[in-house]
Number of protein chains: 2
Amino acid sequence: MEPEPTYSDDGMQPPARLRALTSWQASKVSLLGTRMTAQHMPLTARADFAVLAALEEYGELSQADLGRRLGLDRNEISGIVTRLHRDHHLDRHVDPDNRRRNVVTLTASGKRYLEEIQHHTDTVQNELLVGLTAAERRQLNALLTKLLSSHKTQSA
Amino acid sequence: MEPEPTYSDDGMQPPARLRALTSWQASKVSLLGTRMTAQHMPLTARADFAVLAALEEYGELSQADLGRRLGLDRNEISGIVTRLHRDHHLDRHVDPDNRRRNVVTLTASGKRYLEEIQHHTDTVQNELLVGLTAAERRQLNALLTKLLSSHKTQSA
DNA sequence: GGTCAACGTTGATACTCCCAACATAGCATA
DNA sequence: TATGCTATGTTGGGAGTATCAACGTTGACC
């Protein structure tokens, strides 16, 4: 049922100048992940996941440390933490040793929420990598890790 | 000159749950590319680059075809084409064979603009991949290409 | 001729990132 | 002690991108 002329989908490739660009490829992969994620959970759950995962792995953290760990701006952390605190997924209290800091800790509810998001995340990850073998997935992860680590030292 | 306690930067890693996620890695690589790009040109030049590259490789295209080639929404293409046309980087005329379509073609000015952006883009690409060997860069490109091609067929 | 689909445009909404303030709080040195 | 600099958390504005919905125009199919 195509009233309009259809072109061969094989030829529907992006231009070579874009296919050669790592940053363009990365943005498209990221977008695919975003679209798949949106089908399983609200998009804000991705930011929640990052904060909850950091707290679960490293224990209590200040909001500034959370931002440095995750590469997110302070104002983003502020919003995410406020939302998670409202839903009782974490505790927030002023550090008595440094009263500028808000020390944030995971609650039992937050841990449950984290594992729930983890489950959906695993689904998305498998769907995203469906075309790659296990060895290729490891290679891809290693290469991206190496690329990112070569830039991690200089940006907050 | 650090009045505050400093933590070892080696330990400043994102949580393992994020490091394992391809979509998170991809978004961070994309963000790095965006930041580097912003230091060489206005960010809108990235969208311009995509449209100009498609026209240069495939010749005249309708706006809808441009959107399908580049994975961009029609309204985005509309804005980009309007901007490029305003700056005389492309011609836009109604297709006489199908008067719904706007056929877009590259001008000499547009070709020059494309090559100018290409130059900055090469710089960013090299800076982004500075930590990888030539073989690793080829591997990474091949893996991302394979990942993307396994999803290309089903989304516009 | 009527129905449906494609096209281009405009608008609204959401998410992310960046930058700039601001008030509070701690450190460092004079 | 007093001054200045930095860190922290919060709030707000702005830009770029993506999604969805409408609308009028145009073409194809029945």
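The sequence lines fix the lettering, A, B, ..., with proteins before strands; numbering per chain opens at 1. The structure presented is a predicted model; accordingly, all values stated were derived computationally and were not measured.
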- May I have the distance from B:N98 (atom CG) to D:dA28 (atom P), rounded to whole angstrom? 6 Å
- Distance in Å, B:E116 CD paired with B:D48 CG, rounded so as to fall on 0.5 Å steps: 10.5 Å
- Message: Judged by each residue's nearest nucleotide on DNA chain D, which is more toward the 5′ side, B:P96 or A:L31?
- Response: A:L31
- Query: Of the candidate nucleotides C:dG8, D:dT6, C:dC18, which contains the atom at the shortest distance from the side chain of A:R100?
  - Reply: D:dT6
- Query: Can you check the B:I77 CD1 to C:dG8 P distance for me, whole Å?
  - Reply: 10 Å
- Here the pair of heavy atoms bringing B:L147 nearest to B:T22 is CD1-CG2, 4.3 Å
- Task: Kindly compute the distance separating NZ (A:K146) from CG (B:L140), expressed to the nearest 0.5 Å.
- Result: 11.5 Å
- Between B:R46 and A:A64, who's closer to the 5' end of DNA chain D by nearest nucleotide? A:A64
- With distance as the sole criterion, is a donor-acceptor pair present between the side chains of B:T34 and B:R46 under 3.5 Å? yes
- In whole Å, what is the span from the CZ atom of B:R69 to the P atom of C:dC7? 14 Å
- Can you check the A:D73 CG to D:dG12 P distance for me, whole Å? 16 Å
- Whole-Å gap separating P (D:dG9) and CZ (A:R83): 17 Å
- Message: How many whole angstroms separate atom CZ of B:R101 from atom P of D:dA28?
- Response: 11 Å
- Mapping A:D97 and A:E76 onto DNA chain C by nearest heavy atom, which one lands closer to the 5' end? A:E76
- Go through D:dA22, C:dC18, C:dA25 for me and flag the one nearest to the B:R74 side chain. D:dA22
- Query: Do you know the tightest heavy-atom contact between A:P15 and B:E57?
  - Reply: CA-OE1, 3.2 Å
- Message: Nearest to the side chain of B:L43, heavy atoms from C-beta on, is which of D:dG16, C:dG26, D:dT10?
- Response: D:dG16
- Picking from D:dT17, D:dG9, D:dT10, the nucleotide nearest the side-chain atoms of A:S78 would be D:dT10
- Query: Rounded to the Å, how far apart are B:I80 CD1 and D:dG16 P?
  - Reply: 11 Å
- Item | Base D:dG9 paired with A:N75 side chain (donor-acceptor, <3.5 Å) | no
- Query: Could you give the CG-to-C1' distance, from A:L61 to D:dG9, as a whole number of Å?
  - Reply: 15 Å
- Message: Check this one for me: any side-chain N or O of B:R68 less than 4.0 Å away from OP1 or OP2 of C:dC7?
- Response: yes
- If you check the A:Q63 side chain, which of D:dG27, D:dG9, C:dC7 turns out closest? D:dG9
- Would you indicate what B:N102 reaches in the nucleic acid, counting non-hydrogen atoms under 4.0 angstrom: base, sugar-phosphate, or nothing? sugar-phosphate
- Do B:L128 and B:L148 belong to the same hydrophobic cluster, where Ile, Leu, Val, Met, Phe, Trp and Tyr are linked whenever their side-chain heavy atoms lie under 4.5 Å apart, directly or via other members? yes
- In residues 15-28 of chain A, which residues come under 4.0 Å of DNA chain C by heavy atom? none
- Task: Report yes if at least one side-chain N or O of B:R35 is closer than 4.0 Å to OP1 or OP2 of C:dC18; otherwise report no.
- Result: yes
- Where do A:H151 and B:M36 land on the side chain to side chain contact (heavy atoms under 4.5 Å, CB included) test, with the steps shown first? CA-CA 11 Å; A:H151 294 283; B:M36 292 175 183; 3.3 Å; yes
- Message: Heavy atoms only, 4.0 Å cut-off, all strands: where does B:T34 land among base, sugar-phosphate and nothing?
- Response: nothing
- Message: So which atom in B:R83 and which in B:T44 form the shortest heavy-atom distance, rounded to 0.1 Å?
- Response: NH2-O, 3.6 Å
